[in-house]
Amino acid sequence: MTRLPEEVHSNKAFGWAAKDSSGVLSPFNFFTRHEIVGEVTEIGCKVQKFKVGDRVGVGCMVGSCHSCDNCMNNLENYCPKMIFTYGTKYYDGAVTHGGYSNIMVVNEHFAVSIPENLPLDATAPLLCAGITVYSPLRFYGLDKPGLRVGVVGLGGLGHLAVKFAKAMGTNVTVISTSPSKQKEALENLGADSFLVSRDQDQLQAAIGTLDGIIDTVSAQHPLLPLLGLLKSNGKLVILGIPGKPFELQVFPLIQGRKLLGGSMIGGMKETQEMIDFAAEHNIKTDIEVIAMDYVNTAMDRLLKGDVKYRFVIDIGNTLRPSS
């Protein structure tokens, strides 16, 4: 890959692997090789944001057109020419390969600064999962103290949604199919209440009580009960991508002027804002650090949903250079 004057040469410490919030292995997540953190070892002659030794992170994207409406409004993540950190042609025609390597070269615009009080390993997943839940909380106005916010699914995305929403001052209800996750939600993550989505009595008692819901589940699931939990003018935000299209009745949206929306990662400005917010409120991903040669075992464990909530690969200390 041709190095540009604005690019940063980073020695990488950590990559990641994950399961989605349904508890099912997501090969897309595992092999994408984004959410990368490390230290700057070299900078191009025009780099202004960073210096050698700085702690930096790279998320899901490493390029965009810089000229469309989205880019001009700090929404590079919605740029039609956005370049993913993996599997996309870079400006010079080379294919991006993501984070499973000792070093990485990236344009400074697409790197974020990691504050000193955030551990690199637990910060890496924030660069995708963290911004994926932070962005809709902000955009849809579900970040106001006193609001009642539901979080569907308590996986990699869901546990961070609880942490960010609580730090914003909201009252958080975790909604899950698994009663066994109640203790984790209430005692370990600090949620205010817990609903078992298969318990009709619990759902009936909670009708019309939530201002908004962040739905992190990628498995197929009904939306109608979730819409019923919303107050008038409530917002249901979809973050997961089920394998089949949702079936949705329109009348529940009309009755109560409710909103069904979606969201993905944020732009670079918002991603830095999220990292700074996490540093201020001591928000870290719940992780298990593994060595590179543990990846196959991690894959087996992912298939069983045996991780809370992210595997993070210690690339800097365990990736052996090729002979």
Is there a path of hydrophobic side-chain contacts, each under 4.5 Å between heavy atoms of I/L/V/M/F/W/Y residues, joining [Y] to [X]?
X    : Y    : result
I207 : L210 : no
L230 : L248 : yes
V58  : M264 : yes
Y91  : Y86  : yes

Worksheet item: For K81, which residues count as a side chain to side chain contact (heavy atoms under 4.5 Å, CB included) partner, sequence neighbours excluded?
Response: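 Side chain to side chain contact (heavy atoms under 4.5 Å, CB included) check on K81 returns C65, C79.
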Worksheet item: With no hydrogens and no angle check, do the side chains of N282 and K284 hold a donor and an acceptor under 3.5 Å apart?
Response: yes
Response to the item:
Which of V237, V217, L157 passes side-chain contact (heavy atoms from CB on, under 4.5 Å) with V152? Answer is V217
Nearest heavy atoms of [X] and [Y], plus distance in Å:
X    : Y    : answer
P252 : L227 : CB-CD1, 4.1 Å
I238 : F246 : CG2-CE1, 4.0 Å
P136 : T132 : CD-O, 2.9 Å
A206 : L195 : CB-CD1, 3.7 Å
D286 : H159 : N-NE2, 3.1 Å
A291 : I313 : C-CG2, 4.3 Å

Worksheet item: Above 12 or not: heavy atoms from other molecules or residues under 6.0 Å from CZ of F277?
Response: yes
Worksheet item: Does atom CG of D69 have more than 12 heavy-atom neighbours from other groups under 6.0 Å away?
Response: no
Discussion item. Strictly below 4.0 Å, N to O, side chains only: are D211 and R148 in salt-bridge contact?
Written reply: no
